[in-house]
Asker: 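There's a structure below that I have some questions on.
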2 protein chains.
Amino acid sequence: MTAHNTSDKIVTAEQLLLSRGVKPTPQRVVIADYLLQTDSHPTADEVLSAVSEALPVALSRATVYNTLNTLKEAGVIKEVLTEPGRVRYDANVSHHHHFVDVKTGKIVDIPADKVEAIGELLGDQYKVHGFQVLFYGELEQH
Amino acid sequence: MTAHNTSDKIVTAEQLLLSRGVKPTPQRVVIADYLLQTDSHPTADEVLSAVSEALPVALSRATVYNTLNTLKEAGVIKEVLTEPGRVRYDANVSHHHHFVDVKTGKIVDIPADKVEAIGELLGDQYKVHGFQVLFYGELEQH
DNA sequence: TCATATATTTAGAATAAGTCTAAGTTGAGA
DNA sequence: TCTCAACTTAGACTTATTCTAAATATATGA
Ligand SMILES: [Mn+2]
Ligand SMILES: [Mn+2]
Ligand SMILES: [Zn+2]
Ligand SMILES: [Zn+2]
């Protein structure tokens with residue numbers, strides 16, 4: 001439930017939304033909760049089907065998109081772009097990167113400290129606010 | 001015309017297509033030529049308007065998409081993903097990265113050697129085939 | 001409590017990027 | 001010159017996302 005939250009304290013989706021100034025409606029809580037407990041970087045469609053089949057609250061497509069955009073603007077989730085034509089969502093809002101397994105399509109998080117200092121490699125004609133590394137390859141499953 | 005070609009020799013779009021096994025039809029030559037002489041990372045729509053207003057050959061939307069996909073599969077151009085919902089195209093097919101100026105939207109190339117060795121930073125549970133770094137920030141204009 | 005305002009959700013229409021289809025056009029080789 | 005495959009085309013289609021306008025829920029406060 002709090003897999004992607006940086007603090008050790010257990011924080012419910014509801015508490016998280018409240019702390020970011022987002023009113024915790026049932027739909028929003030259920031979407032945020034789903035994103036917090038998965039590490040699969042789902043698309044909007046995947047959120048919609050997962051949430052609407054598993055959970056008791058009614059949910060429309062428009063609300064999924066509204067909620068994802070609201071949560072993104074509130075800093076509760078981030079967008080991840082790995083392929084053309086679809087946006088993925090990530091409740092891990094810490095600065096981190098992604099590894100795409102080209103065989104399975106699985107997308108896993110890479111902590112920022114693994115690729116530290118990239119931001120300082122460019123010369124002074126670039127003022128780097130942030131960066132995003134997308135790795136492609138194969139995950140060894142030993 | 002050859003701004004993004006790695007060799008010093010002047011190579012026309014037509015010669016480049018021939019060398020990659022793509023039949024150089026007038027539409028394909030004109031699209032490849034446009035991509036080779038710009039560094040603006042245009043979208044398909046931008047290619048279509050630039051080429052159809054400036055150049056003498058008739059050009060349909062379907063042909064622009066067909067050609068971009070053909071050129072991509074032939075290794076003449078690459079896709080660049082910087083924002084949701086639109087694919088950009090790049091005739092610089094060398095391994096390189098991108099810097100997005102968040103003020104202007106300008107996208108500039110960052111040579112691979114600026115961020116060398118990122119591929120070796122991950123542990124041995126990852127077999128890295130490649131990676132792509134996307135920087136966000138501001139370009140200093142002096 | 002009731003009335004009303006405001007925020008949220010909803011179904012479905014609209015938009016926009018990209019693909020597909022089926023019919024024309026082209027051009028290289030027999 | 002004829003033929004056939006490759007290519008291009010307009011427009012229909014698909015899919016992801018946004019918009020609209022109406023319904024519902026929540027908050028406020030007389
Ligand atoms: Mn999706
Ligand atoms: Mn476009
Ligand atoms: Zn992630
Ligand atoms: Zn580039």
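In what follows, chains carry the letters A, B, and so on, assigned in the order in which the sequence lines appear, proteins first and then strands, with residues in each chain numbered from 1.
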Asker: B:Arg86 has a side chain; which of D:dA16, C:dA17, D:dA6 sits nearest to it?
Answerer: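 Within the option list, the nearest is C:dA17.
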Asker: Taking side-chain contact (heavy atoms from CB on, under 4.5 Å) as the test, write out the residues that go with B:Glu14, two or more places apart.
Answerer: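 Per chain and number, B:Glu14 pairs via side-chain contact (heavy atoms from CB on, under 4.5 Å) with B:Thr12, B:Leu18, B:Pro24, B:Val29.
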Asker: Rounded to the nearest angstrom, tell me the gap between atom CG in B:Leu17 and atom P in D:dA6.
Answerer: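 Computing the B:Leu17:CG to D:dA6:P distance gives 18 Å.
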Asker: Side chain to side chain contact (heavy atoms under 4.5 Å, CB included) for B:Val22 and B:Thr70? Distances and angles first, verdict last.
Answerer: CA-CA 8 Å; B:Val22 176; B:Thr70 297; 4.0 Å; yes
Asker: Would B:Asp109 and B:His41 count as having a side-chain donor-acceptor pair, cut-off 3.5 Å?
Answerer: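 A pair is found: one side chain offers a donor N or O, the other an acceptor, under 3.5 Å apart.
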Asker: Considering non-hydrogen atoms only, spot the tightest contact between B:Ala112 and B:His95 and give its length.
Answerer: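 Looking at all heavy atoms of both residues, the shortest contact is CB-O, 2.9 Å.
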Asker: Could you check how far CG of A:Leu68 sits from C1' of D:dC19, rounded to whole Å?
Answerer: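 Interatomic distance, CG of A:Leu68 to C1' of D:dC19: 17 Å.
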Asker: Rounded to the nearest Å, what distance is computed from the CD atom of residue B:Glu79 to the P atom of nucleotide C:dA17?
Answerer: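 After rounding, the reported distance stands at 15 Å.
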Asker: Rounded off to whole Å, could you give me the CG-to-C1' distance for the A:Leu18 and D:dA27 pair?
Answerer: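 One finds 15 Å between C1' of D:dA27 and CG of A:Leu18, rounded.
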Asker: Is B:Val115 reachable from A:Phe99 through a run of hydrophobic residues whose side-chain heavy atoms are each under 4.5 Å from the next?
Answerer: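 The answer is yes; both residues are in one hydrophobic cluster.
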Asker: Given D:dT17, is OP1 or OP2 found less than 4.0 Å from the side-chain N or O atoms of A:Tyr65?
Answerer: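 Answer yes for this pair, as a side-chain N or O of A:Tyr65 is under 4.0 Å from OP1 or OP2.
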Asker: Mind calculating the distance between CG (A:Leu48) and P (D:dA16) to the nearest angstrom?
Answerer: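 It works out to 12 Å between those atoms.
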Asker: Within this structure, what is the CG-to-C1' distance between B:Asn69 and C:dA17, rounded to whole angstrom?
Answerer: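 One finds 12 Å between C1' of C:dA17 and CG of B:Asn69, rounded.
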Asker: Are A:Val51 and A:Leu16 connected in a single hydrophobic cluster, I mean Ile/Leu/Val/Met/Phe/Trp/Tyr linked by side-chain heavy atoms less than 4.5 Å apart?
Answerer: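 Yes; tracing contacts between hydrophobic side chains, which count when under 4.5 Å, links both residues.
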Asker: Could you write nucleotides 9-15 of chain C as a row of B, S and -, 5' to 3', where a protein heavy atom under 4.0 Å of any base atom gives B, of only sugar-phosphate atoms gives S, and otherwise -?
Answerer: SBBBB--
